[in-house]
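Bear in mind the structure is a predicted one, so any value in this text is a computation, not a measurement.
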Protein chains: 2
Amino acid sequence: MKTVYERADIVPLLAEIFRELGYEGTSLSRITERTGIGKGSLYHFFPGGKQEMAGAVLADVDGWFEHAIYQPLRKDDADQAIAAMWTNVNDYFCSGRRICLVGAFALDETRERFSAEIGDYFIRWIDALRSALMRAGCPEGEAQTLAEEGVAGIQGALVLSRALDDRMVFTRALDTLAKRLDAVMR
Amino acid sequence: MKTVYERADIVPLLAEIFRELGYEGTSLSRITERTGIGKGSLYHFFPGGKQEMAGAVLADVDGWFEHAIYQPLRKDDADQAIAAMWTNVNDYFCSGRRICLVGAFALDETRERFSAEIGDYFIRWIDALRSALMRAGCPEGEAQTLAEEGVAGIQGALVLSRALDDRMVFTRALDTLAKRLDAVMR
DNA sequence: CAATCATTGTACCGATCGGTACAATGATAA
DNA sequence: TTATCATTGTACCGATCGGTACAATGATTG
């Protein structure tokens, strides 16, 4: 018996493991244990080993945010895009049950491995949000501060809700942030 | 030649290493490499091994916050204590260069090892801040939300400033948070 | 059918992991 | 001085680490 995988199917599985265990905590044996995918397959699709696996996961995450969050913020109706951001972020992070892999990588030495990808992810999030805020009538300086506050607030809400093991904390924090940005736009 | 240590001197050294490398990323050999302390000494002071070392570091961090942040928030003049919190937090985290070990542990599976300590640290921070806010004239419901927002905001600012490798982001975020809490108090 | 080739399971590699055992060291106290 | 005892350096343990080699598998193509 022999199961055949595709690279595109493996990446989301890897993502969940890196999210839960972190980069250092993720070992090849635990990947095999939790997915059934052997080393042969893993090194066939990711010849660069663990580093390439994590890199592929980061690229996948980045692609999702670019499509689902950043592009709407840059191009669509500002009010609608910002409203959609809150609901999409709440769904994506499962109300705080899931964490942000990029944020987690930023905290420890894993950052050194992926500093470019990590920086890009947040820079583009903040820029896209600021763009939407300005189109909604917010002056530039205030829009930059608000955008940073919103993105940082989401990351902090993830930390806090996991620390307290309380998903309501995340949803509540998102709600407070949404109201704050809303208030400045009109 | 033989260097003699005390447990109290070792803990801060361990703290810095756990902060930079995370729990899984911190190995005994790297501790020895960066501190010169051998396994003999480490297991003499921490018979429980790595878990006890990290536990001692968490207790040390908790003690510092209890003394320098929480107690003033609960007992001293509210305005002064909150103002002191911002400057002390900015100093403690070196304007975002240092991260919060408790928050980092909360993000990955390390949380399972120390869930009680992690939960306590944040619960007491939020409670103390809410107490100060209420004494400063903030109604209870709003004080709870603001306290959570403040603590989460600090954690998010740490993530963001490290991700962007920009310490100004941290100082700016702290400033924005301070102004926000200040506005509601009067 | 035969040949090709992407994919997979498994055995194996040296290095490092967390942890233990214990003798050497050196300060303290009788 | 001698005995005691906390402290340390070092050698060692089995397990696991990330990674490699390669033959077996099986779908695809001519």
Side-chain angles (χ1 to χ4, degrees), chain A residues 1-60 101 104-105 108-114, chain B residues 1-60 101 104-105 108-114:
Chain A
M1 186 57 180
K2 183 171 165 179
T3 316
V4 180
Y5 300 92
E6 290 188 26
R7 201 186 128 115
D9 300 327
I10 297 181
V11 173
L13 301 176
L14 294 178
E16 224 52 46
I17 300 175
F18 277 116
R19 246 186 276 269
E20 292 179 28
L21 309 182
Y23 184 83
E24 292 295 337
T26 298
S27 68
L28 299 186
S29 64
R30 295 190 77 168
I31 293 175
T32 299
E33 171 192 336
R34 290 174 54 152
T35 63
I37 306 172
K39 285 189 183 185
S41 306
L42 289 172
Y43 275 87
H44 174 71
F45 291 115
F46 309 97
K50 201 164 94 161
Q51 167 119 13
E52 187 176 343
M53 298 178 207
V57 168
L58 282 179
D60 189 59
L101 186 69
F105 278 8
D108 61 30
E109 62 154 1
T110 310
R111 187 188 67 147
E112 261 60 56
R113 294 177 179 274
F114 304 104
Chain B
M1 188 58 181
K2 182 172 167 180
T3 317
V4 179
Y5 300 93
E6 289 188 27
R7 200 185 129 114
D9 300 328
I10 297 181
V11 173
L13 301 176
L14 294 177
E16 224 53 47
I17 300 176
F18 277 116
R19 246 187 275 269
E20 291 179 28
L21 309 181
Y23 184 82
E24 293 294 338
T26 298
S27 68
L28 299 187
S29 64
R30 295 191 76 168
I31 293 176
T32 299
E33 171 191 336
R34 290 175 54 153
T35 64
I37 306 171
K39 285 188 182 184
S41 306
L42 290 172
Y43 276 87
H44 174 71
F45 291 116
F46 309 97
K50 201 165 92 161
Q51 167 117 13
E52 187 176 342
M53 297 178 207
V57 168
L58 281 180
D60 189 58
L101 186 69
F105 278 8
D108 60 29
E109 63 154 1
T110 310
R111 188 189 66 147
E112 263 59 58
R113 295 176 179 274
F114 304 105

- Item | Proximal nucleotide (of D/dT8, D/dG18, C/dG18) relative to the B/L28 side chain | C/dG18
- Nucleotide nearest A/Y43 (side chain, heavy atoms from C-beta), chosen from D/dT8, C/dG9, D/dT20: D/dT20
- Query: NA contact type, A/F45, heavy-atom cut-off 4.0 Å: base, sugar-phosphate, or nothing?
  - Reply: sugar-phosphate
- Query: Under 4.0 angstrom, heavy atoms only, what part of the nucleic acid is B/Y5 near: base, sugar-phosphate, or nothing?
  - Reply: sugar-phosphate
- Query: Between the side-chain atoms of A/K39 and the base atoms of C/dG9, is any donor-acceptor pair under 3.5 Å?
  - Reply: no
- Query: ring pair (Phe, Tyr, Trp, His ring centres under 6.0 Å) with B/F114: which residues, sequence neighbours excluded?
  - Reply: B/F105
- Under a 3.5 Å cut-off for both distances, is C/dA30 Watson-Crick or wobble paired, and to whom? D/dT1
- Do the side-chain N or O atoms of B/H44 get closer than 4.0 angstrom to the phosphate oxygens (OP1, OP2) of D/dT7? yes
- Item | Distance below 4.0 Å between A/S27 side-chain N/O and D/dT16 OP1 or OP2 | no
- Message: How many whole angstroms separate atom CZ of A/R7 from atom P of C/dT8?
- Response: 13 Å
- For B/Q51 and C/dG18, give me the distance from atom CD to atom C1', rounded to whole Å. 12 Å
- Message: Suppose the criterion is salt bridge (charged side-chain N to carboxylate O under 4.0 Å, His left out): which pairs have a residue in residues 35-51 of chain B, not counting sequence neighbours?
- Response: none
- Message: Just to be sure I understand the rule, does A/T32 reach a base, reach only the sugar-phosphate, or reach nothing, if contact means heavy atoms closer than 4.0 Å?
- Response: nothing
- Message: Just N and O in the side chain of A/S29: are any of them under 4.0 Å from OP1 or OP2 of D/dC17?
- Response: yes
- Task: Would you mind checking if B/E109 and A/R30 are paired as a salt bridge, meaning a charged N to carboxylate O distance below 4.0 Å?
- Result: yes
- Message: Tell me whether A/E112 at atom CD has more than 12 heavy atoms from other residues, nucleotides or ligands lying less than 6.0 Å away.
- Response: yes
- Once you round it to whole Å, what is the distance between C1' of C/dG18 and CG of B/L42? 12 Å
- Can you tell me how far C1' of D/dT16 sits from CD of A/E33, to the nearest Å? 12 Å
- Which whole-number value in Å describes the distance from B/I37 CD1 to D/dT10 P? 15 Å
- Task: Any strand is fair game: report the nucleotide pairing with D/dC22 by Watson-Crick or G-U wobble, both distances under 3.5 Å, or none.
- Result: C/dG9
